[in-house]
Every structure is written in structure tokens, then in C-alpha cells.
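Have a look at the structure below before the remarks.
Here is how names work: the chains are called A, B, and so on, in the same order as the sequence lines, proteins then strands, and each is numbered from 1.
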Amino acid sequence: MKKHIVCREEEMNPGSKRSVEVGKRAFVLVRTPDGSYQALRDVCPHQGARLSDGELTGTNLPSCVGEYDYGRKGEILRCPWHRWEFDVTSGDALVADRQSRVKHYEVTVEDGYVVLHC
Amino acid sequence: MTISQVSPEQRETNRTETVPIIDTDVHERFASIQELLPYMKEPFLSYMEHWTGWGELKYIHPIGGSKLDSLLPNGNVPGSDLGVLQEQLMDKYDIHKAMLTGLFYPATMEAQFELAAALASAYNDWMVEHWLDKDERFLGSIHVAPQIPELAVREIERMADHPRMVQVLLPIGTAAYGDPFYHGIYEAAERKGLVVAMHQGNSVRSPFGQPRYYIEWHTILSQAFMASVVNLIVNGVFDKYPGTRIAMLEGGFSWLPSLMWRMDQNYKSLRLEVPWVKRLPSEYVKEHFRFATQPIEDPDPMHMLKMVELMDSDELLMFSTDYPHWDFDSPLRSLPTSFSKELKRKIFYENAAKFYGLT
């Protein structure tokens, strides 16, 4: 793992995402509403869409029949094609199967810079 | 009883002074659905991003009907910009030929059938001018109003001579297209050398009626295709018009093996009810039908390979993307890794080329 400076901390608002390229590798960098930074590989493991073209959103959490419990706003990345949902804090799909995990990367803030470990 | 002697004008001005009025039906309106948003919250606030009202499709799409990278900056519907479609689909994936299937289906109108026929005709002319004539890689579908078969036949005859019209399009909804009422359409298609394509329509229902949720509706769509395959065979469409070719679009295919088994089993006992059906139903399927792959299911890749084996033919599937819809299948990633190069070549190209008579 090498460290790569991506941008200055103030360049990303909470609840936003951007695509980042390091060499030939593509990542989607997310700043969650609580201010933390997360990074995932920018390829959906299902059919290869760019996750950075998707939606950073919340979702309906498991609930009782007929009830809706919306939560995790800004922590779910939804693929632009089939709308598979990924937890940006882990890269796990909310519905797990054999091809449902996106690699998650550590992101730190150092001296005001957002640093991607990849 | 006395009759008051007042002019209409006097009555107009005097009325509210004499008798207050209660009007029990006045229609206030919002100028835009957007005005309701401040009064809504999640999760339905997000649904409203996909608001198109409830029409033939009875649902407000929970996730949006299009792939998000096909959305157009000007807000027009995805798929409506020739240049973007060429770039995102035809050029990006090196598509040799693409069958245009539209999404405007007057064939599902439940009233005003003459208007339906006029709309279908207008659409055909528009499509030729704005799409077929712009890119030689496009092949066209003739839209018709089967509600009045005579008008549908006339439209087929009007459009069939365009060199890149390859099929007549009938949306699968609530009509049983095997019914003799529709047979003129197959006669015309056969005579003109056209395939008849049946594409999923938004008016499909489940056997119980309108499913309560979109996920339920989208999952059971294949039932309408299953019903259509059986309906076309037992009503003798292929016995009356042996040149008929049916392309089933967006209905899936993994249900086909069990349907063929069940039809064949029933045929052995019940053949006498439909004596014009002269061969096993599965033989009609293999000869007369082809099935587009999208939306391909994602089971274990080896199970998908077995599915093709169970179909007892590697010539029944034709690749499709369904661009620009949310359940788009990528040419690069959707066919299972278990499929051999030869099988992929057949699905991507050869099966369709042979079926449509393309070179």
C-alpha cells in the first residue's frame, strides 16, 4: 500500500463523492455525512459499471412488514446500472452473493490533505 | 305561486345577495408535482425523482427506470439522443447491428383503436426519419395496432419494404396473440418475410391481477411470455403460417426447459383437442422461437450452462442489452464465464444473424 494525496480536505463536502485515478486504477472517494472519508474500487463487481456514476444515498433498512425505516443517508453507494447497494464503510453489498464485494481502501487526513492508501 | 320578473343579468348580480351557495365540486390543482415534495419524506421522496405519474405502468419506479449514466443533461428521456446512444452503446461495445424496439406501444391502448393505429403509423415514420436513416447499424420494428388487425396488416404492408425493417413488434400485455383474431398479422409478416417480435409491455399482470409491488411485477413478467408461447402453438399459428418466426424480447429464458417438458407431456395426452398441432410443442419452440437474453439471471455460471443444455439447443438465445434501462446487460460482463467462446459467438451474433437472415 502506498499513500496518494487526492485533494485538500475542504474540497469535499460531507455527503459527496468523486472519482479518483491512481495510475491505471480507478477509485470512488466518498465523504460521508459524519465527515469521514471512504474509498472503494470504482468498478461494480456485478457487470462492471463505474460506481462513481451511481448514487450516494441512504436506504430502507430491514423493517417490519408494511413499514419503512429510511436510514444510513450518505453511506450507501448504489450502482448506476442494476442499483446494487454497497456499504461505503466496508465495500460489502447489502445483499451478499458470490460477486458482491467491492474492495475498500483506507483513507486518512494528513495535514489537511485527503490521503488514499492503495 | 308567483314568478319573479327579473332579467338574467339581475339574477346574476342578485343571486349571492339572496341565497348563499355551497359548491360541492371545485378542482384546485398544483402547477407541478414538485410542490408536494416539501410535504414528503423518505423513502418516498426518492421515489418522486422518478415520477412519471401512474399510467400504463402502474408503479412509480422505486429506483428509476434507466441506467444512471444514460441520463441526459437536458433532462430528456434516456434513449432519445442519437449521438449519446451511438457513443454509449453502438461504438463503446462495437455493436454490429441493433434492433430498435422503441418504448411507445399504442398496441396496448385499451380504447380508441383507430387513434392507436394512427399513432403507430406516425411512430414508424418518425423512427425511420430520425433513427433508421441516421445509422445503417439500426434495424427497425414496425409498430402496429393489433386491436384492429386489418389496420395492422395495412401498416405492415406500408412499412415492410423499407430495407432495414426486420420485424413487426407486438408488446406482450393482456392480449392472447395466438387467437385467430390476430392471425392476419402473422400472414402479413410471413408474406413480407418479417419476424414478429414480442416485447414485454407495461400492461402485463399476474394471474391475480396487478401486483402490489414493482419487484413482484418485474419478477413475474416471464409468466406472460410462457403463456404467449403456449398460446401461439396451440392456436395453430405455426401450422397456418409455417414461415412465422417469433422473437421473444425481455422475457428471460430460464423457464423454457420446464415449459417445453410440460407442453410435450400434455400434448401426448391432450393432442386430440388441438389436432392441427402436428408435432411436439417443443419442436415448434426450437423451430419458430428465439429468446433475447436480457434480463439474464445471475445464478452460478455452471447452472446457466446447464440451463442451455436443458434447452436442448444452443441456437435459441440472442444477445440483448435493453439499453438504456436500469437492468441493462453489458456485452462485456453479462454472459456467464462458463459459456464457451463458440457458445458466446452464437449468442452474440450467429443465432440472430441466422434467424433474421442478416449477413
Side-chain angles (χ1 to χ4, degrees), chain A residues 15-19 21 26 28 30 32-33 40-86 88 93-103, chain B residues 40-50 60-73 78 84 88-89 92-93 212-216 218-219 293-304 319-338:
Chain A
S16 68
K17 64 175 166 56
R18 61 165 63 182
S19 60
E21 286 186 13
V28 53
V30 169
T32 57
L40 302 179
R41 186 170 177 238
D42 195 10
V43 179
C44 181
H46 178 213
Q47 288 200 18
R50 283 166 56 111
L51 290 173
S52 58
D53 287 336
E55 293 174 298
L56 185 61
T57 179
T59 194
N60 292 331
L61 305 172
S63 63
C64 295
V65 174
E67 293 180 7
Y68 290 95
D69 181 12
Y70 189 84
R72 303 213 60 190
K73 191 176 176 188
E75 295 181 357
I76 303 299
L77 188 55
R78 200 178 283 160
C79 177
W81 291 0
H82 301 86
R83 311 300 204 277
W84 285 22
E85 298 172 301
F86 297 93
V88 298
L94 297 199
V95 180
D97 82 351
R98 68 184 185 286
Q99 53 182 1
S100 61
R101 194 153 189 281
V102 184
K103 188 158 185 186
Chain B
M40 297 184 73
K41 59 183 182 180
E42 295 293 2
F44 298 117
L45 199 52
S46 293
Y47 278 54
M48 299 307 288
E49 292 169 22
H50 317 300
I60 308 307
H61 208 296
I63 55 175
S66 301
K67 63 203 280 278
L68 295 175
D69 50 7
S70 71
L71 299 180
L72 299 172
V84 171
Q88 292 196 339
L89 181 71
K92 180 176 179 182
Y93 297 109
R212 178 162 164 162
Y213 297 102
Y214 180 88
I215 185 175
E216 186 181 355
H218 201 258
T219 303
T293 51
Q294 186 277 344
I296 201 162
E297 289 108 352
D298 304 307
D300 182 299
M302 293 313 293
H303 289 165
M304 285 302 273
F319 181 75
S320 61
T321 66
D322 194 37
Y323 180 92
H325 291 157
W326 67 273
D327 44 355
F328 168 84
D329 273 342
S330 163
L332 304 178
R333 292 280 293 270
S334 56
L335 291 192
T337 50
S338 57

Atom group of [X] that falls short of 4.5 Å from chain A, counting heavy atoms:
X: Pro331(B); value: neither
X: Ile63(B); value: both
X: Ser70(B); value: neither
X: Tyr323(B); value: neither

- Message: Can you tell me how the ring of Phe328(B) sits relative to the ring of Tyr93(B), calling it parallel under 30°, perpendicular over 60° and tilted otherwise?
- Response: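 Because their plane-to-plane angle lies in the 30° to 60° range, the rings of Phe328(B) and Tyr93(B) count as tilted.
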- Of all residues at least two apart in sequence or in a different chain, which pass the ring-ring contact (aromatic ring centres under 6.0 Å, His included) check with Phe44(B)?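 Listed in chain order: Tyr68(A), Tyr47(B).
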- Task: Heavy atoms only, distances under 4.5 angstrom: which of Arg50(A), Lys73(A), His46(A), Glu55(A) has the most pairs with chain B? Name it, please.
- Result: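 Greatest number of close heavy-atom pairs with chain B: His46(A).
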- Message: I want to know whether Trp326(B) and His218(B) have ring centres closer than 6.0 Å.
- Response: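 When the ring centroids of Trp326(B) and His218(B) are compared, they turn out to be within the sub-6.0 Å range.
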- Query: Above 12 or not: heavy atoms from other molecules or residues under 6.0 Å from CD1 of Ile215(B)?
  - Reply: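 It does not: Ile215(B) CD1 has 12 such atoms or fewer within range.
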- Task: Go through Gln47(A) and Asp329(B) one step at a time and tell me if the side-chain contact (heavy atoms from CB on, under 4.5 Å) criterion holds.
- Result: CA-CA 8 Å; Gln47(A) 288 200 18; Asp329(B) 273 342; 2.9 Å; yes
